[in-house]
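Below: the structure, in structure tokens.
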Amino acid sequence: MSNAIEDVRRFFGTASKVVGLSNDVATQLLTPHREVRVECNIRMDDGSIGTFVGYRVQHDNSRGPFKGGLRYHPEVDASEVTALASLMTWKTAVVDVPFGGGKGGITVDPKKLSSAELQRLTRKFIDGIHDIIGPKVDIPAPDMNTNPQIMAWIMDHYAMHHGFEPGVVTGKPVDLFGSLGRDAATGRGCMLVAEAWLRDQSRSWQGTKVSVQGFGNVGSWAARLMHDKGATIVAVSDVTGGVRNDAGLDLARLMDHVRSTGGVKGFDGGSATTNEEVLTGACDVVVPAALGGVITSDVAKEMQAKLVVEGANGPTHPEADEVLQARGIVAIPDILANAGGVTCSYFEWVQNIQQFRWDEERVNAELARTMLRAYDAVSKKAKDKQIDLRTAAFVVALERVAAATTMRGL
Ligand code: NAD
């Protein structure tokens with residue numbers, strides 16, 4: 001994702017021309033508010049000292065506290081975190097939750113650390129950023145390779161510095177101030193916006209063939225919920241490999257296989273396929289739900305789907321987006337398609353502040369209302385301005401952030 005920042009700038013640039021943003025406001029909206037880099041030295045289990053670098057980028061808070069995940073990955077760097085922080089600003093604005101955008105991460109391969117080392121690293125990182133986060137300032141959440149356990153350590157460590165404030169972080173375990181429904185929320189959001197698009201085409205899930213790249217939190221929930229609605233899941237892949245069955249994969253058995261072997265590879269309910277073929281093979285809807293940058297121009301030229309639902313952040317290069325548009329393939333952009341996670345994080349934050357737990361039915365109903373309102377706003381903007389859904393989503397977001405920025409003044 002080395003060009004992630006360039007990609008976001010290009011999508012932003014296209015939308016800012018439609019909005020007619022002045023250069024002053026555009027520059028203000030593109031420049032991050034604060035970028036923090038912290039060195040995290042920890043004692044490793046073998047007695048040596050491990051040195052890691054962590055980042056927190058706070059992009060924009062004109063509409064509310066900075067909000068965005070923490071990613072633990074060997075390829076995390078300042079540029080990627082900055083790009084993802086700005087995507088969060090547009091994402092929270094598209095779904096109209098009262099947050100701005102931020103992102104963080106540590107350059108580390110967490111699979112190489114023990115649980116105790118991971119906990120020490122997380123606490124050290126919070127030592128470095130606790131003064132610039134908080135329930136009314138900046139609220140981290142899980143992202144790639146971070147999970148509810150890590151969020152629990154963050155809540156605990158923040159409390160050591162500032163006292164009990166569960167709203168400082170979202171994506172916590174349900175038994176420790178987390179929200180019911182959070183686990184499935186991003187995949188559910190993907191399903192909801194895809195369903196809205198199908199409805200606009202006078203189609204339903206019945207007879208709709210779906211391929212999913214990435215079978216982690218987002219991909220597996222999206223696949224399961226689409227399947228429950230009547231879709232046929234024809235291909236699935238993850239870091240270990242892929243599997244295809246044109247008659248439909250048995251998802252319950254596939255989940256068991258993934259649980260027992262650690263990946264999709266070797267599942268006997270279909271034939272082996274590759275990660276690229278999952279994107280390009282025959283289907284109606286494709287859900288990239290793994291890494292960024294996977295839909296290149298070459299991939300876009302081969303894709304057979306009619307709809308791309310961007311579960312992952314930044315899966316489509318701008319050049320590939322042009323190819324998709326020229327070929328009449330519609331993309332529901334990441335800032336809308338995968339916004340179910342941050343929307344449910346907002347519900348978690350609200351519940352923490354109210355000290356009142358919602359039941360899962362209420363969470364799912366509020367999520368559906370928020371996602372469908374956002375889809376309708378974006379789809380209406382696309383029709384009114386005769387633009388694609390990605391540009392329309394950025395236009396909706398830019399208009400909201402620019403209005404808040406202008407009203408607040410310099
Ligand atoms: P995850 O770690 O639970 O799952 C990632 C999946 O991608 C795994 O199945 C993994 O095997 C697969 N994968 C990794 N490398 C791959 C490769 N090279 N080729 C194919 N598959 C590969 O992560 P997640 O939370 O599901 O996040 C997936 C994407 O969705 C990320 O881009 C993330 O930023 C984005 N996202 C997640 C959330 C959320 O709530 N979890 C919200 C918004 C966006």
Side-chain angles (χ1 to χ4, degrees), residues 1 4 7 67-76 80-81 83-85 87-88 90-92 94-95 97 101 103-105 109-111 140-151 170-172 178-179 181-190 193 211-224 235-243 254-255 257-259 261-265 267 273-279 286-295 299 309-316 332-348 367 371:
M1 264 187 83
D7 292 359
K67 182 91 191 79
L70 286 179
R71 177 174 287 201
Y72 288 3
H73 195 274
E75 281 163 29
V76 162
E80 183 192 75
V81 175
L84 293 169
L87 269 186
M88 285 306 298
W90 317 126
K91 195 180 294 185
T92 53
V94 168
V95 283
V97 293
K103 202 79 178 190
D109 183 353
K111 288 182 204 78
D143 192 73
M144 219 183 270
N145 295 329
T146 54
N147 56 29
Q149 172 60 79
I150 293 175
M151 301 307 118
T170 59
K172 298 180 292 293
S179 177
R182 173 65 181 87
D183 203 29
T186 307
R188 186 178 296 279
C190 290
V193 292
S211 295
V212 182
Q213 185 190 64
F215 204 59
N217 174 280
V218 179
S220 67
W221 274 109
R224 265 187 279 175
V236 163
S237 67
D238 68 7
V239 71
T240 65
V243 61
L254 178 59
M255 296 289 298
H257 176 82
V258 171
R259 262 189 294 269
T261 67
V264 165
K265 191 180 176 185
F267 179 59
T273 187
T274 64
N275 256 303
E276 186 163 324
E277 279 165 1
V278 167
L279 297 175
V286 67
V287 186
L291 303 175
V294 290
I295 303 183
V299 170
V309 183
E310 294 186 347
N313 283 315
T316 310
I332 304 184
D334 47 8
I335 59 170
L336 172 60
N338 70 31
V342 74
T343 301
C344 198
S345 275
Y346 164 56
F347 301 153
E348 181 176 335
L367 179 65
M371 292 301 298

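Hydrogens, waters and symmetry mates play no part in the numbers below; they use all other heavy atoms, side chains included. Predicted model, so just to flag it, every value in this text is computed and none were measured. All residue numbers in this chain count up from 1 along the given sequence. Just so you know, ligand 1 is whichever comes first in the structure, and atom 1 is the first atom listed for that ligand.
With a heavy-atom cut-off of 4.0 Å, Val239 touches ligand 1 through backbone and side chain alike. With a heavy-atom cut-off of 4.0 Å, Leu291 touches ligand 1 through its side chain alone. Counting heavy atoms under 4.0 Å from ligand 1, residue Asn275 touches it through the side chain alone. At a heavy-atom distance under 4.0 Å, no atom of Val342 approaches ligand 1. Contacts between Arg182 and ligand 1, counted as non-hydrogen atom pairs separated by less than 4.0 Å, involve the side chain only.
Looking only at atom types and distance, the side chain of Ser345 has a donor-acceptor partner in the side chain of Arg182 under 3.5 Å away.
Remark: Leu254 CG to Ser220 OG distance equals 9.5 Å, nearest 0.5 Å. Residue Glu75 holds its CD atom at 8.0 Å from CG of Leu291, rounded to the nearest 0.5 Å.
Across the listed options Gly219, Gly189, Gly292, Ala290, Ala290 owns the non-hydrogen atom lying nearest to atom 32 (O) of ligand 1. Considering only non-hydrogen atoms, atom 3 (O) of ligand 1 lies nearest to Asn217 out of Asn145, Asp238, Asn217. Nearest to atom 34 (O) of ligand 1 by heavy atom, out of Leu279, Val294, Asn313, is Asn313.
Looking at ligand 1, you won't find any N or O of Asn338 less than 3.5 Å from one of its N or O atoms. The distance criterion of under 3.5 Å between nitrogen or oxygen atoms is met by Phe215 with respect to ligand 1. Annotation: Ala289 places no N or O atom under 3.5 Å from an N or O atom of ligand 1; distance criterion only. For a threshold of 3.5 Å applied to N or O pairs, the pair formed by Gly216 and ligand 1 contains at least one separation below that value.
The nearest protein atom to atom 40 (O) of ligand 1, hydrogens excluded, is given as Thr186 OG1, 2.7 Å; this is a heavy-atom distance. What sits closest to atom 37 (C) of ligand 1 on the protein, heavy atoms only, is Val218 CG2, 3.4 Å.
For Gly311, the heavy-atom gap to ligand 1 drops under 4.0 angstrom.
Closest non-hydrogen pair, Glu310 versus Pro333, comes out as OE1-CA, 3.4 Å.
The closest side-chain heavy-atom distance from Trp221 to Thr186 is not below 4.5 Å. In this structure the side chain of Val76 never reaches within 4.5 angstrom of the side chain of Met144, judged on heavy atoms.
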